[in-house]
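In this chain, residues are counted from 1 in sequence order. Predicted model only: the values in this text are computed from it and were never measured.
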Amino acid sequence: MTSQVSTSEQVFAARRTKRLLLFTILILLVLGVAVMSVSAGQFSVPVSDLGRVLSKEPLGARLLDETVVWRIRIPRVLLGLLVGAALGVGGALMQAVFANPLAEPSVIGVTSGAGVGAAFVLVTGWNFLGGSSVPLAAFIAGLITTVIVYSLSRYNGRVHIVSLILVGIAVNAVAGALISFMVYNAPTTSREQIVFWQMGSLNGAKWEHVSVVALVVGLGLLVSISMAGTLDLLALGDRAAGHVGIDVQRLRFAAITTATLLTAGAVSYAGLIGFVGLVIPHIVRTIVGPANKILIPASALGGAVLVAGADMVARTAVNFADLPIGIFTALVGGPTFFILLRRLMKRGGMR
């Protein structure tokens, strides 16, 4: 008996050490990527000068440093970190809801719906709110699409996972067709804007964008962590979760709503960035296990690192060019997802 207790304590200690190490590495990566992103670019600012720039001390001849860092670099870096955190947490929530490590927010149509809203504004030129018109339209359209998917999936007052997935596939197909129709009929300038938006970019990030996304991400993260313990029970199945006092339908609705708000808030300002919500929670789960109290904040940090790092590469890989972020997240996420999928198949998780 004593040996069993000792073995259990060793297991728990090893698990705590692994989690502490993971969070330490992720926090260091976030800080490292942030510093490198602020420093790197076509107009580089040496890391040794960042302290004085951030404190707004005079730098002699380099008078542009303060403007570049405070008005361009820092808002863009912060927005990238927030967008990545939102997508990572959204993916973790959807994987908990579907009890499937291969799920992501696009399953319920939020990203394709946001694409329809953005394309509509870009084609019609309805700039009723100036530069905020496209993000607002994308955000509202993403929410509306998710409401449609959820409503069409209800039968006898309940939403079943299979029906939610199938309706999501159908709505995604319709949204894709609408986007293609608008791209086909759009003038050349609008067509290029739509295509570029669909590939994701943080170009033109402003402090007001950061404040809006920070509010959405902050609230979403708090709600996600508060429901993390009950989300773990969904892995037992609806009936077993119901037997321990969980209102499965209400919990599922709350998780889907939170994931939708996070994802819609992220893509509204950054465009469609793929693989973050799919790959990051999956990688974190393989390291620290499925406990959502750990998985959700770790996915936020991991998503922040991936998006901010991809943005840094996107704007420095080619001189005088700002490439779409989606290119690099797909280059990282695609092979990573394939490796994880193969491991899952070998363990018998895919039948």
Side-chain angles (χ1 to χ4, degrees), residues 76 79-80 82-84 86-87 90 104-149 168-206 208-209 212-213 216 260-278 307 310-311 313-315 317-318 320-331 333-334:
R76 181 164 182 159
L79 184 62
L82 291 169
V83 167
L87 295 176
E104 65 169 339
S106 63
V107 171
I108 55 175
V110 58
T111 53
S112 59
V116 172
F120 179 79
V121 171
L122 291 172
V123 170
T124 59
W126 285 10
N127 293 320
F128 46 91
L129 290 177
S132 299
S133 300
V134 172
L136 181 62
F139 182 78
I140 294 174
L143 297 182
I144 291 174
T145 305
T146 303
V147 171
I148 292 173
V149 171
I169 292 173
V171 171
N172 277 324
V174 173
L178 291 175
I179 293 174
S180 299
F181 177 78
M182 285 186 281
V183 170
Y184 182 80
N185 290 279
T188 302
T189 303
S190 298
R191 185 181 301 139
E192 292 175 352
Q193 289 177 328
I194 295 172
V195 172
F196 193 79
W197 190 88
Q198 288 184 300
M199 288 190 269
S201 175
L202 297 176
N203 190 22
K206 300 179 181 178
E208 49 264 38
H209 302 166
V212 172
V213 178
V216 173
T260 300
L261 289 171
L262 285 167
T263 306
V267 302
S268 61
Y269 284 104
L272 306 185
I273 301 175
F275 284 101
V276 179
L278 177 64
V307 172
D311 178 62
V313 176
R315 60 184 176 81
V318 179
F320 307 106
D322 198 333
L323 301 177
I325 301 176
I327 294 176
F328 299 96
T329 56
L331 287 174

Open item on the list: Using every non-hydrogen atom in the two residues, find where G109 and T145 come nearest and quote the distance to one decimal.
Closed with: O-CG2, 3.2 Å
Task: Spatial distance of atom CD1 (I108) from atom CD1 (I169) [nearest 0.5 Å] - done: 13.5 Å
TODO: Might you point out which heavy atoms bring W197 and A138 nearest each other, and give the distance in Å?
DONE: CZ2-CB, 3.9 Å
Open item on the list: Under a 3.5 Å distance rule, please check whether N172 uses its side chain to pair with a backbone N or O of S106 as donor and acceptor.
Closed with: yes
Task: Interatomic spacing from OG in S180 to CG in N185 - rounded to 0.5 Å - done: 11.0 Å
Open item on the list: Less than 4.5 Å apart, side chain to side chain, heavy atoms only: is that true for I194 and V123?
Closed with: yes
TODO: Might you point out which heavy atoms bring V216 and G265 nearest each other, and give the distance in Å?
DONE: CG1-CA, 4.4 Å
Task: Note, L261 side chain near L143 side chain (heavy atom, < 4.5 Å) - done: yes
Open item on the list: Please find the pair of heavy atoms, one from L122 and one from S190, that lie closest to each other, and give the distance.
Closed with: O-OG, 3.0 Å
Open item on the list: Between L323 and F328, is the side-chain contact (heavy atoms from CB on, under 4.5 Å) condition met? List the steps.
Closed with: CA-CA 9 Å; L323 301 177; F328 299 96; 3.7 Å; yes
Open item on the list: Are L87 and L262 packed together at the side-chain level, in the sense that at least one heavy-atom pair is separated by less than 4.5 angstrom?
Closed with: no
TODO: For I273 and G200, work out which heavy atoms get closest and say how close.
DONE: CG1-CA, 4.1 Å
TODO: Report yes or no: does D311 contribute a side-chain atom to a donor-acceptor pair with the main-chain N or O of V307 at less than 3.5 Å?
DONE: no
Open item on the list: Test your reading of the model: is there a side-chain donor-acceptor pair from R315 to the backbone of D322, 3.5 Å cut-off?
Closed with: no
Task: Student check: side-chain heavy atoms of M182 and T124 closer than 4.5 Å - done: no
- [ ] Would you please test N203 and R76 for side-chain contact (heavy atoms from CB on, under 4.5 Å) and show each step?
- [x] CA-CA 7 Å; N203 190 22; R76 181 164 182 159; 3.8 Å; yes
Open item on the list: I'd like to check Q198 versus I179 (side-chain heavy atoms, cut-off strictly below 4.5 Å). Are they in contact?
Closed with: yes
TODO: Identify the heavy atoms of V213 and Y269 that sit nearest to each other, and give their distance.
DONE: CG2-CD1, 3.5 Å
Open item on the list: Within this structure, what is the CD1-CG distance for the pair I140 and L136, rounded to the nearest 0.5 Å?
Closed with: 4.0 Å
Task: From L79 atom CG to K206 atom NZ, the distance as rounded to the nearest 0.5 Å - done: 12.5 Å
